[in-house]
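Below is one structure; the comments refer to it alone.
Proteins get letters first, then strands, A, B, ... in listed order; numbering begins at 1 in each. As the structure is a prediction and not an experimental result, all values here were calculated from the model.
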Protein chains: 2
Amino acid sequence: MKKPTPPVSGAAPNMKQVAEAAGVAVSTVSRALTNPGRVNEKTRTRVAEAARKLGYTPNAAARSLRMGKSKTIMIVLPGALYYGASQIIPLALAGIDGLLARNGFKILIANLDREEATEQHIINLAGSGTVDGAIVLSSAPPSVGGRSLKDLGLPVVAMLHDISDQGVPSVITNEHQIMCAATELLIAEGHRQFLYVAGPDGVYHEVHRYAGIREAIARHGLPESALTRTEGVGAYQEGFNIGFAAAEQLLAMAPRPTAALCCSDDAALALLKRLLDEGIEVPSEVAVMGFDGAAVGALFRPALSTIEQPATEMGTRAAALLLEMLAGEEVPPVTVVDSTILRRGSA
Amino acid sequence: MKKPTPPVSGAAPNMKQVAEAAGVAVSTVSRALTNPGRVNEKTRTRVAEAARKLGYTPNAAARSLRMGKSKTIMIVLPGALYYGASQIIPLALAGIDGLLARNGFKILIANLDREEATEQHIINLAGSGTVDGAIVLSSAPPSVGGRSLKDLGLPVVAMLHDISDQGVPSVITNEHQIMCAATELLIAEGHRQFLYVAGPDGVYHEVHRYAGIREAIARHGLPESALTRTEGVGAYQEGFNIGFAAAEQLLAMAPRPTAALCCSDDAALALLKRLLDEGIEVPSEVAVMGFDGAAVGALFRPALSTIEQPATEMGTRAAALLLEMLAGEEVPPVTVVDSTILRRGSA
DNA sequence: CGCATTATGGCAAACGATTGCCAAACGTAA
DNA sequence: TTACGTTTGGCAATCGTTTGCCATAATGCG
C-alpha cells in the first residue's frame, strides 16, 4: 500500500508537488489546468489526476500577484440602511452575489458600520489590488484626502443612488415617476390633502420622491397647500421614529391630511400603528402608503400598501454592469429598473 | 517645477518607486513602513512622505504570498435564513464586521444562495489561501467529496448552531433554557394548553427549542397532551407560511391551545395576523410568543412578545473567538450568549 | 528518407513585498 | 590611530503562479 501524500497536511500542496507527482514541469501543470488546448490530452488527465489526489488548489495570492487581478469585488454598504423591516440590502446582495459568484468572483464586504478609519480602509482595499471593482450602495463613493474610490482606476458601479453625474454608472429605480403615479392614484380616488413623511434631509431619495409627489399635485391643479412635508428626524435607521414623529405631526394638523406617503416601510408601519392606536381608521380616514416592499407589511391590519423596489434585480443589474466594465465594454450611465405599486389595504 | 508622479496613474505605484523617490532601497521602505524601530527616524519620515506623495498602498497579493496569510475571513451564510422580518443575519454580520475590521481583517461573503457548485467554491476559497479563517452561520460546515471546511487546517468558528461535536467552537444562545423559561412564565400565568409552531424538521434549533418547552411542561407536572407541535412546513424562509399553516391547525384544535410558542417572529406574526383576522383575541384567548426579537414586532397590535436573540453580540463573540484561534490560543468549545424574553403584549 | 511544419513540454523571468544575512558607517574607548 | 561594538541600510532569496521563448519530439509531405 503506497503512502499517499495526505490531502490534509499542514501546508497546502503547490504546483511543484503536482508537477512531480505527474512527472512533468510546473509550467505544464499550469497549462494543463487553465489552458487545456495547449497540452496533450493524456498529459492533461495525468496532471488533473495528480492534482485531485493531492487535493491541490491554486494559490490565489500568487495568481493575483502574477495576473494583476484578484477576481474579487468589493461591496460598499452603508451601515445605516441595514436595519428595520425592509430587506433592500440583503436582497440586493443576493442579486449581486448570484451573478458574481457564477462568474467566479469573490465578494468582499466593506463598511457595515461607519467607523472612523473605515473610508481609508476602503480606499486601501481598492488601491492594494485586493479588489478588481466595486459596487457602491451608499450615497457617495468613499473618499479620503481628495482620493476617491471612483477615480482610483477601478470600475465602480452605484446602485440605489444615481451618481452618474460623478461619472459612476448607476442602477436606480424610478422613484420620481412611481411616487408621482402613486400620488395620482390617490388623487383619482378623491384625496386632496397629502402628507409626505420624509427621511433624512438632503438624501438622494428624498429629493426624487418628494419631487414626484409635487409633480402629481401640480399636474392635477391642486394648490401647494395640498402637500405637507414632515421635518426630517434623523437617519433612516431610525425609521420607526420617523413614523412616530410624523404621526404626532399629522394628528396636530388641521385640516388633517387624508393620505400619507412615506419614505420607507419602517416609517409607514410606525405611522400606521400610531394612527390605529389613536382610533383613526386606515385607510378610510387616512390612507398610508409605504416605500420598499417589505414582505412583513402584508401581515399588518390593514396590510401595508407600498411601493415595491426591485432590489434583487437591481443587484443583478449592477453586477452585470460591473462585469461589462471589467470586460472593457461601454455601459450606460443610468439603468432604471421599475418599482411597482403594491396595493394591499392601507391605501 | 518638478513633475510629480501623478497619484492617479494607470498602474498603482509599488515599493520600488517609493524607494527611488526616497532615495533608499526597497527593503528600507518595507521596514520603514511596517517595522518602525528598525530604521532611522529621519529616513522613516522621508520614506513615509514619499509614499504619501505617490499614493502608495502595499499590494495585498504580494504581501499575502510572502506572508502566507491574507488577513481575510470568510463568512459562510445560508441563503435560506436571509429573508423575513428578523434581522439576525444582518445584525450578526454587523457584530462580526465591527471587530474584524478593527483588527485589519477583510470580510469575504460566501454562499448567499445555495447554488450547485457553491460548496466546492467555498472549499476552494479555503484551500487557496484566500482566507485565514471562517465563521459559519449555516448548520453544517460545507464539504464536498469528503473534504470539509472544518478539517482544512483553517480556524473555523460556528455561530447560531452548536457544532462543537464536530470540533468546531460554537457561539450559541440558550435556546433550550430560555424557551423553558418562557413556557414556565406562561404556565405560571395559567396557561395549560400549548402549541409549538415548529420550523423545518430536524433543524438544530427545533430540537432545542422544543425540548425546552417539553422540559417546562414536564417540570410542572402537566400531561404530554398539554403540548402539540405543528407539522414542519418547509424552510425557514417560508416563515410566513409556517405561521399561516399553524393558524389553520390551531383553529381546528379542540381543546384550543391558549398559548402558541413560535420558531420565529415571521411565523409568529403570520399566526398573529391570521388569528386576529378570525376575530380571536390576543393575548386573552390565545397568547403568541415569537422568537428572534425582530424590531418590527413592536409595531403590531398587540405588539409581538418574543425572545430576543443577541445577534450582534453573538457575532462579536464569534469574531473574537476566531481572532484568538488565529493567535494560537485555546478557545472553549461552546460559548453561550443569553437571549432575553421581551414581553410586549401578545403574550 | 529528408525536410518542413506543427505539437508539446521545459526553462526562466517576471509579479511585489518581506526578511535573514551581511556590509558599511558611525561612535566610543583605549 | 586602531579596535571594537552598535546601528542602519542593502543584497538577494523567497512565496506560487503564469507565460514568452526555445528546444525537442512528432507528424506530414514530397
Which pair of heavy atoms, one from [X] and one from [Y], lies closest together, and at what distance?
X      : Y      : answer
B:L154 : B:G133 : CD2-N, 4.2 Å
A:L108 : A:V131 : CD2-CG1, 3.6 Å
A:V26  : A:K16  : CG1-CA, 3.5 Å

Atom-pair distance ([atom1] on [X]; [atom2] on [N]), nearest Å:
X     : N      : atom1 : atom2 : value
B:R46 : D:dG9  : CZ    : P     : 8 Å
A:N35 : D:dG20 : CG    : P     : 10 Å
B:K16 : D:dG10 : NZ    : P     : 15 Å
A:N59 : D:dG16 : CG    : P     : 7 Å
A:N40 : D:dA25 : CG    : C1'   : 12 Å
A:N14 : D:dT14 : CG    : P     : 14 Å
A:Q17 : D:dG16 : CD    : P     : 9 Å
B:R31 : D:dC11 : CZ    : C1'   : 10 Å

With a 4.0 Å cut-off on N to O distance, would you call B:R44 and B:E41 a salt bridge?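 B:E41 and B:R44: salt-bridged.
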Answer yes or no: does atom CD of B:E330 have more than 12 heavy-atom neighbours from other residues, nucleotides or ligands under 6.0 Å?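 No, not enclosed.
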With heavy atoms under 4.0 Å as the rule, sort A:A62 into base, sugar-phosphate or nothing. base
Would you classify B:T43 as touching base, sugar-phosphate or nothing, given that sugar-phosphate means primed atoms plus P, OP1 and OP2, and contacts are heavy atoms under 4.0 Å? sugar-phosphate
Nearest-nucleotide wise, let me know which of A:G23 and B:A61 is further upstream toward the 5' end of DNA chain C. A:G23
For DNA chain C, whose closest nucleotide is more 5', that of A:T28 or that of B:R66? A:T28
With a 3.5 Å cut-off and no angle check, do the side chains of A:S70 and A:D132 form a donor-acceptor pair?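 A:D132 and A:S70 do have a side-chain donor-acceptor pair below 3.5 Å.
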Let me confirm one number: the CG-OG1 distance from B:L152 to A:T57, rounded to the nearest 0.5 Å. 7.5 Å
What is the first contacted nucleotide of DNA chain C and what is the last, in 5' to 3' order, if contact means an atom lying under 4.0 angstrom from a heavy atom of chain A? C:dT8 to C:dG16
